[in-house]
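Structure, as structure tokens:
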Number of protein chains: 2
Amino acid sequence: MNISIFSYKQNIKVDFTERSTRIKLYAKVNSIMSKGQETKQRLLDSAQQLMYSRSYSDVGVQEICKDAKVQKGSFYHFFSSKSALTVEVLEQLKMQMIESILLPAFAKDLTPSRRFERFIEYAYQHQVQIKEQYGYVLGCPMGNIALEMSTQDEEIRKKVETLFESIFYVFVDVLDDAKKAGEIDQDADTSELAQVCLAYGEGVLLVAKTKNDPEVVKQLLPYVSKLIGFKGQNI
Amino acid sequence: MNISIFSYKQNIKVDFTERSTRIKLYAKVNSIMSKGQETKQRLLDSAQQLMYSRSYSDVGVQEICKDAKVQKGSFYHFFSSKSALTVEVLEQLKMQMIESILLPAFAKDLTPSRRFERFIEYAYQHQVQIKEQYGYVLGCPMGNIALEMSTQDEEIRKKVETLFESIFYVFVDVLDDAKKAGEIDQDADTSELAQVCLAYGEGVLLVAKTKNDPEVVKQLLPYVSKLIGFKGQNI
DNA sequence: TACAAAATAAACTGACCAGTCTACTATTAA
DNA sequence: TTAATAGTAGACTGGTCAGTTTATTTTGTA
């Protein structure tokens with residue numbers, strides 16, 4: 001139950017709060033992690049796993065502790081509340097998402113439009129794997145929590161909002177590249193297009209989860225190129 | 001707490017399970033409703049309101065009963081479970097959505113592309129009103145429940161899936177009209193485009209809810225025309 | 001008016017909720 | 001070695017959860 005959904009490297013911090021997508025790496029070796037930090041990490045991993053496969057409300061602190069083999073006293077030693085834990089889970093989720101999907105997909109070895117194609121393939125493969133593993137398409141872990149918790153927990157809502165911003169900057173970066181490469185209109189509003197891409201991606205994952213069918217991702221996500229307006233392309 | 005979110009007319013059944021969007025009206029006067037049926041309706045309305053403004057899990061049977069001024073015994077007289085109630089709430093939600101937004105927006109007095117513009121305006125105005133009323137953008141009540149419950153309650157997931165199908169048929173209908181009118185490509189796959197529209201709409205509402213900002217709807221939803229590929233249009 | 005069915009009231013399960021508390025045991029640094 | 005700090009253990013709180021049960025009242029119909 002503690003295998004991470006994304007392949008996960010410890011303690012790599014990526015800063016997307018600046019528009020430039022410079023990456024800062026604070027390399028730390030796993031073995032340096034103290035016993036306490038390992039316990040905390042187990043709690044974060046269990047919580048992430050359980051909440052993603054079910055929901056925030058359906059997973060209790062007790063169950064997270066049991067899964068992580070940690071006592072309740074320890075839980076509240078590391079986290080002030082379930083909500084505070086969730087905010088940290090979301091941060092971890094963002095790092096994993098950027099590292100294991102966005103950065104590889106949008107690496108600059110291909111043309112911007114090809115990067116999008118690779119992104120679509122990764123997103124599809126990811127949902128296929130999730131369905132094999134859990135029996136359900138789980139969609140986007142951030143979108144899921146956002147819709148469930150936005151009206152109930154302002155800290156969580158804000159956190160998801162900033163996560164979306166981080167992803168947004170990744171899209172802006174590729175779209176700016178596309179503009180430079182002449183793949184899209186010179187007067188395209190890349191900032192607005194990035195928001196559009198994010199929204200469409202979330203929507204496709206929502207529908208895929210509802211239908212419990214990863215093929216929805218494969219079928220619908222390519223339409224993102226229409227949204228962006230890549231020149232000379234028919235999906 | 002019992003004022004419906006959508007203006008609601010009783011007992012009008014719209015059949016969108018057939019691709020033709022013929023409407024069957026079973027007109028029933030309110031006063032014919034028996035006292036028991038009124039109680040049931042109060043439970044449905046309270047549940048809809050409370051679950052939309054918060055979430056499925058955060059609203060308990062007890063709270064629904066209190067809001068509807070109904071005793072727990074009565075609740076379980078009308079509904080076999082909270083899940084069964086929710087399925088009926090979803091059905092009611094679909095009817096209201098079709099009646100108060102989709103049918104008026106996509107009425108055939110305008111060209112298909114103009115109907116979409118009207119739809120966007122309605123969707124935007126609706127979220128503005130919701131935010132005024134609750135202090136929060138609540139997004140799509142079906143999408144919300146879908147993401148929260150799809151992996152936990154198969155009946156609810158299936159119900160949302162069929163609701164999405166009903167909405168899908170409405171979109172197919174307009175898109176077919178657009179094809180006939182020559183507003184889109186003659187070889188456009190209207191069925192696939194309808195799915196794309198649905199996904200994008202859900203995505204935009206998800207982002208709007210996350211940012212708690214109805215303006216997101218106004219800004220992003222118009223891009224749907226790019227997705228559809230209306231000829232000679234720049235958003 | 002009589003009677004069955006529909007509806008309501010309210011107390012009651014047993015399980016679980018997030019979070020607290022106190023006592024205990026490692027770990028670290030002086 | 002000592003003392004402080006970090007981490008762990010697990011019982012416990014008051015409250016809520018979905019759902020049950022039994023008795024009673026209201027309603028429609030014959």
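Residue numbering restarts at 1 for every chain, and letters A, B, ... go by the order of the sequence lines. Side-chain atoms are counted along with the backbone in the values below, which use heavy atoms only and exclude waters and symmetry mates.
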**Item:** Separation of atom NE2 in A:His77 from atom P in C:dA26, rounded to whole Å
**Value:** 16 Å
**Asked** Can you name the side-chain contact (heavy atoms from CB on, under 4.5 Å) partners of A:Gln62, sequence neighbours left out?
**Response** A:Lys72
**Asked** Between C:dA7, D:dT8, C:dA9, which one does the side chain of A:Phe78 approach most closely?
**Response** D:dT8
**Request:** Figure out the CE/C1' separation between B:Met51 and D:dC17, and round it to whole Å.
**Result:** 13 Å
**Prompt:** Say you draw a straight line from CG of A:Leu138 to CZ of A:Arg54; how long is it, rounded to the nearest 0.5 Å?
**Reply:** 11.5 Å
**Message:** Output the rounded distance in Å from NZ (B:Lys66) to P (C:dA9).
**Reply:** 16 Å
**Message:** Let me spell it out: for each of B:Phe75 and A:Gly73, pick the nucleotide of DNA chain D with the closest heavy atom. Which residue's pick is nearer the 5' end?
**Reply:** A:Gly73
**Message:** What is the distance, to the nearest angstrom, from the CD atom on B:Gln71 to the C1' atom on D:dT24?
**Reply:** 13 Å
**Contact pattern, 5' to 3', of nucleotides 13-18 of chain C - B, S or - by protein heavy atom under 4.0 Å** = ----SB
**Item:** Residues in side-chain contact (heavy atoms from CB on, under 4.5 Å) contact with B:Leu85, at least two apart in sequence or another chain
**Value:** B:Leu44, B:Ala47, B:Met51, B:Ile64, B:Phe75, B:Phe79, B:Val89
**Item:** Qualifying side chain to side chain donor-acceptor pair (under 3.5 Å) pairs, either residue in residues 73-85 of chain A, two or more places apart
**Value:** A:Ser83-A:Asp153
**Prompt:** Does A:Thr39 have a side-chain nitrogen or oxygen under 4.0 Å from the phosphate oxygens OP1 or OP2 of D:dT8?
**Reply:** yes
**Value in whole Å for how far the P atom of D:dA6 lies from NZ of A:Lys40** = 13 Å
**Request:** Could I get the full list of ring pair (Phe, Tyr, Trp, His ring centres under 6.0 Å) partners for B:Phe119, not counting sequence neighbours?
**Result:** B:Phe106, B:Phe171
Residues 193-208 of chain B, side-chain donor-acceptor partners within the protein, below 3.5 Å, at least two apart:
{"residue": "B:Tyr200", "atom": "OH", "partner": "B:Leu220", "partner atom": "O", "Å": "2.6"}

